[in-house]
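Below is one structure, written out as structure tokens, with a few remarks after it.
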Amino acid sequence: MSDTTFEIRVQRGDRWIIHSTFDVEKEAVNEAEKVLKTKVSAVRVVRDWERADGRHIEKVILEKEGAGEDDEKDVRVSAIDDAPLCASDNDLLGSESRATINRLLRKYFEQEILTPCEVMYNYQNLRKLMFHDTLMPTAVDKVAGIHAKATEGDHIEAMNKLHGAIEQLSARAREVEKVDLPAFEDATISEVRDEIRRLNLAEDTDFLTMVALTRVLSSSRNWVGKLDLALKVKGDEKDEAARKLLDDVIADILGSPVALKELLGSSRSFGDAVILHIDLALGRAQGNRGAADDILELLNPLFGSGLLATSQNALFDYIVREIRSPNNLTRHEGDPDPLVGILDRLISDKGVVYGTPMVSALAERGARLRNVGGPRAMIEGIAEINSRLTPNWRKLAWLLAASNSEIAEEFEDELFEMLIDTVKDMRALRAFCDADAKPRDKMVTVTLMNDAIQSSNLTDAQKQRVGEKLDEGLMQYLVREKVIERIDNPALHLRKRAYMLVQFCSSGVLIEGKSASMARKRVVGYLKQPNFTDKLVDDIKDMTAKEGTIRDFYALLQRSGF
């Protein structure tokens with residue numbers, strides 16, 4: 001690669017902004033002539049030559065005035081309220097930092113159709129951003145203010161740290177800009193990474209692999225095209241390091257709302273878009289009209305199997321911000337409420353997807369629906385979401401997640417009263433479980449919720465109070481539905497009945513308490529029968545088979561805790 005490049009710069013006010021960069025002078029001049037036909041004040045072509053000592057020498061080889069002002073959109077930094085601390089170039093390259101930069105410079109990235117990765121690992125893209133009016137200084141100033149406030153430090157010192165980290169990154173990117181790296185033509189990222197490793201270059205292999213990858217990505221001026229390229233080079237899923245690099249790239253692309261819209265298609269309302277984003281993060285997205293279905297077919301199994309952890313976290317972080325936003329979920333009054341679908345996807349017997357951040361966001365949405373602010377906002381928001389959930393096990397799962405998150409710790413008693421209400425009516429498990437659930441599924445649900453209670457941060461007394469309600473309800477269900485009687489069918493041989501009862505006791509569908517004791521009592525009754533062992537195998541003639549069957553049964557008893 002040549003040490004000379006040709007930059008096209010356009011004039012904005014009294015500043016010159018990099019428009020594009022070429023390696024061939026003729027191509028740069030031709031492009032400059034095209035740019036002149038748009039509404040720009042002036043255009044320059046600047047030859048940039050890097051000397052052997054690393055210094056850059058610039059010379060203007062063409063400058064012409066245009067017809068008027070550049071009609072390029074005014075690009076400014078976006079509002080953010082948090083940012084991770086960054087003291088080095090590696091800090092800047094971290095997933096949390098890139099996600100913040102993606103939000104902060106969203107307008108710029110969407111105008112240029114670039115991602116943070118493509119800027120950070122590609123010196124030409126980074127240089128263009130650094131020369132883009134006052135965008136970079138303004139962004140650094142905003143982030144430094146957040147850092148200074150968070151650490152109670154000095155604003156200027158925070159700015160200097162950020163500028164230092166950016167300079168480190170810029171130096172690394174510039175150092176490898178001219179390095180001839182392997183291409184991605186018919187090669188996976190694992191193969192390219194291995195080839196780069198064999199070059200034994202001074203720079204880190206993963207850094208160089210990202211440089212090579214972003215060179216290709218930057219040539220695509222389409223978000224879906226970038227995703228398509230990233231998925232085509234994914235290579236060996238067992239190559240953890242290579243997969244992590246692609247995960248970073250995909251996370252950056254999906255950090256753009258425009259990219260999500262191009263991938264999933266247009267939605268009828270903001271709430272429907274949120275549901276689509278949740279489905280994508282869970283690996284089960286079905287795009288709307290105009291969606292890139294072929295890309296979704298590749299992404300869904302990767303998200304569903306957890307192979308894109310960074311991208312999944314980035315998506316859920318974005319979803320949290322969507323739910324927290326003041327945007328109405330519906331477009332018109334009277335439309336179906338998308339919040340129902342959102343809650344169905346986010347709340348399960350395992351709790352709330354994405355933990356405390358999502359719990360907090362949902363509570364804020366609930367408080368906004370009740371138009372409540374101040375100290376009671378969170379507890380009112382929790383109550384509002386609770387009122388929209390059925391059956392009661394989902395209420396319990398939600399309230400437990402809210403309790404564990406401690407977002408309403410000043411109202412713990414009020415929160416526990418809501419929680420205890422979910423187990424007040426355990427008759428036939430009608431209110432507590434899904435109406436169409438099978439008996440075994442109902443028992444599993446009750447037991448899982450009891451496990452969640454016992455592992456929660458409730459006090460021991462509270463755990464006991466709720467646990468006893470669940471256990472009592474499950475025991476009554478066993479009696480009402482004659483569950484044990486159905487298993488212990490007199491028409492079956494004693495051995496079959498005994499095996500089924502022991503397996504039922506150890507299946508994990510019962511709570512260690514009244515319900516488990518009831519089932520175990522039936523097994524113990526068998527064991528106390530006169531000549532039980534003889535009856536267990538009285539239909540087996542072969543002595544060896546008899547001994548093996550008895551041995552297996554008592555081994556099962558031992559494993560089951562009898």
Do [X] and [Y] have side-chain heavy atoms sitting under 4.5 Å apart?
{"X": "R388", "Y": "V340", "value": "no"}
{"X": "M159", "Y": "H155", "value": "yes"}
{"X": "L315", "Y": "L260", "value": "yes"}
{"X": "L282", "Y": "F303", "value": "no"}
{"X": "M443", "Y": "L478", "value": "yes"}
{"X": "T115", "Y": "W223", "value": "yes"}
{"X": "T209", "Y": "L213", "value": "no"}
{"X": "N288", "Y": "S266", "value": "no"}

Taking the inter-plane angle between the rings of F316 and Y354 on a 0 to 90° scale, is it parallel (under 30°), tilted (30 to 60°) or perpendicular (over 60°)? parallel
Mind jotting down which residue pairs meet the salt bridge (Lys or Arg N to Asp or Glu O under 4.0 Å) criterion with at least one end in residues 305-332? Sequence neighbours excluded, please. D82-R321, R103-D317, D317-R321, R324-E364
[X] side-chain N/O to [Y] backbone N/O, donor-acceptor pair under 3.5 Å:
{"X": "N386", "Y": "I382", "value": "no"}
{"X": "N392", "Y": "K395", "value": "no"}
{"X": "D425", "Y": "A431", "value": "no"}
{"X": "N222", "Y": "G225", "value": "yes"}
{"X": "H132", "Y": "K128", "value": "no"}
{"X": "H147", "Y": "K161", "value": "no"}
{"X": "S256", "Y": "A259", "value": "yes"}
{"X": "S267", "Y": "S269", "value": "no"}
{"X": "D91", "Y": "S88", "value": "yes"}
{"X": "N328", "Y": "T330", "value": "no"}

Which pairs would a plain distance check flag for residues 508-517, meaning a side-chain donor or acceptor within less than 3.5 Å of a matching protein atom at least two apart in sequence or in another chain?
| from | atom 1 | to | atom 2 | distance (Å) |
| --- | --- | --- | --- | --- |
| E512 | OE1 | R520 | NH1 | 3.1 |
| E512 | OE2 | R520 | NH2 | 3.2 |
| K514 | NZ | E472 | OE1 | 2.7 |
| S515 | OG | D471 | OD1 | 3.0 |
| S515 | OG | I511 | N | 3.2 |
| S515 | OG | I511 | O | 3.1 |
| S517 | OG | G513 | O | 2.7 |

Inter-residue atom distance [X].[atom1] - [Y].[atom2], 0.5 Å rounding:
{"X": "I80", "Y": "I146", "atom1": "CD1", "atom2": "CD1", "result": "4.0 Å"}
{"X": "L474", "Y": "T447", "atom1": "CG", "atom2": "OG1", "result": "5.0 Å"}
{"X": "I250", "Y": "R243", "atom1": "CD1", "atom2": "CZ", "result": "10.5 Å"}
{"X": "T214", "Y": "D252", "atom1": "OG1", "atom2": "CG", "result": "11.0 Å"}
{"X": "E118", "Y": "M210", "atom1": "CD", "atom2": "CE", "result": "9.0 Å"}
{"X": "L129", "Y": "F109", "atom1": "CG", "atom2": "CZ", "result": "6.5 Å"}

Can you give me the closest heavy-atom contact between [X] and [Y], atom names plus distance?
{"X": "V423", "Y": "K469", "result": "O-CD, 3.6 Å"}
{"X": "R98", "Y": "C117", "result": "NE-SG, 3.6 Å"}
{"X": "A165", "Y": "A87", "result": "CB-C, 4.1 Å"}
{"X": "S325", "Y": "R368", "result": "O-NH1, 3.2 Å"}
{"X": "I347", "Y": "R394", "result": "O-NH2, 3.8 Å"}
{"X": "L399", "Y": "T422", "result": "CD1-CG2, 3.9 Å"}

Evaluate side chain to side chain contact (heavy atoms under 4.5 Å, CB included) for R486 paired with M500, printing each intermediate quantity in order. CA-CA 10 Å; R486 290 179 184 179; M500 289 175 65; over 6 Å; no
Verdict with reasoning, N313 to S95, per side chain to side chain contact (heavy atoms under 4.5 Å, CB included): CA-CA 10 Å; N313 284 337; S95 58; over 6 Å; no
List the steps, then state whether side chain to side chain contact (heavy atoms under 4.5 Å, CB included) holds for S405 with V359. CA-CA 7 Å; S405 71; V359 172; 3.7 Å; yes
Ionic contact status for [Y] with [X], cut-off 4.0 Å:
{"X": "E240", "Y": "K244", "value": "no"}
{"X": "E384", "Y": "R365", "value": "no"}
{"X": "K107", "Y": "E112", "value": "no"}
{"X": "K438", "Y": "D441", "value": "no"}

Evaluate R376 against E414 for salt bridge (Lys or Arg N to Asp or Glu O under 4.0 Å), listing each step before the verdict. CA-CA 11 Å; R376 287 194 57 80; E414 195 170 335; 2.8 Å; yes
Could you go through residues 450-460 and list every donor-acceptor pair under 3.5 Å that involves a side-chain atom there, pairing it with any protein atom two or more places apart or in another chain?
| from | atom 1 | to | atom 2 | distance (Å) |
| --- | --- | --- | --- | --- |
| N450 | OD1 | Q454 | NE2 | 3.4 |
| S455 | OG | D451 | O | 3.1 |
| S455 | OG | A452 | O | 3.3 |
| S456 | OG | I453 | O | 2.7 |
| S456 | OG | L458 | N | 3.3 |
| N457 | OD1 | S403 | OG | 3.3 |
| N457 | ND2 | S403 | O | 3.2 |
| T459 | OG1 | Q462 | N | 3.1 |
| T459 | OG1 | Q462 | OE1 | 3.3 |

Inspect the surroundings of [atom1] in [X] and state if more than 12 heavy atoms from other residues, nucleotides or ligands are less than 6.0 Å away.
{"X": "Q503", "atom1": "CD", "value": "yes"}
{"X": "R268", "atom1": "CZ", "value": "no"}
{"X": "E485", "atom1": "CD", "value": "yes"}
{"X": "R221", "atom1": "CZ", "value": "yes"}

Full working for side chain to side chain contact (heavy atoms under 4.5 Å, CB included) between L280 and L263: CA-CA 10 Å; L280 177 60; L263 174 65; 3.9 Å; yes
Hey, mind stepping through N125 and S218 against side-chain hydrogen bond (donor to acceptor under 3.5 Å, both in side chains) and telling me if it holds? CA-CA 9 Å; N125 292 336; S218 296; 3.0 Å; yes
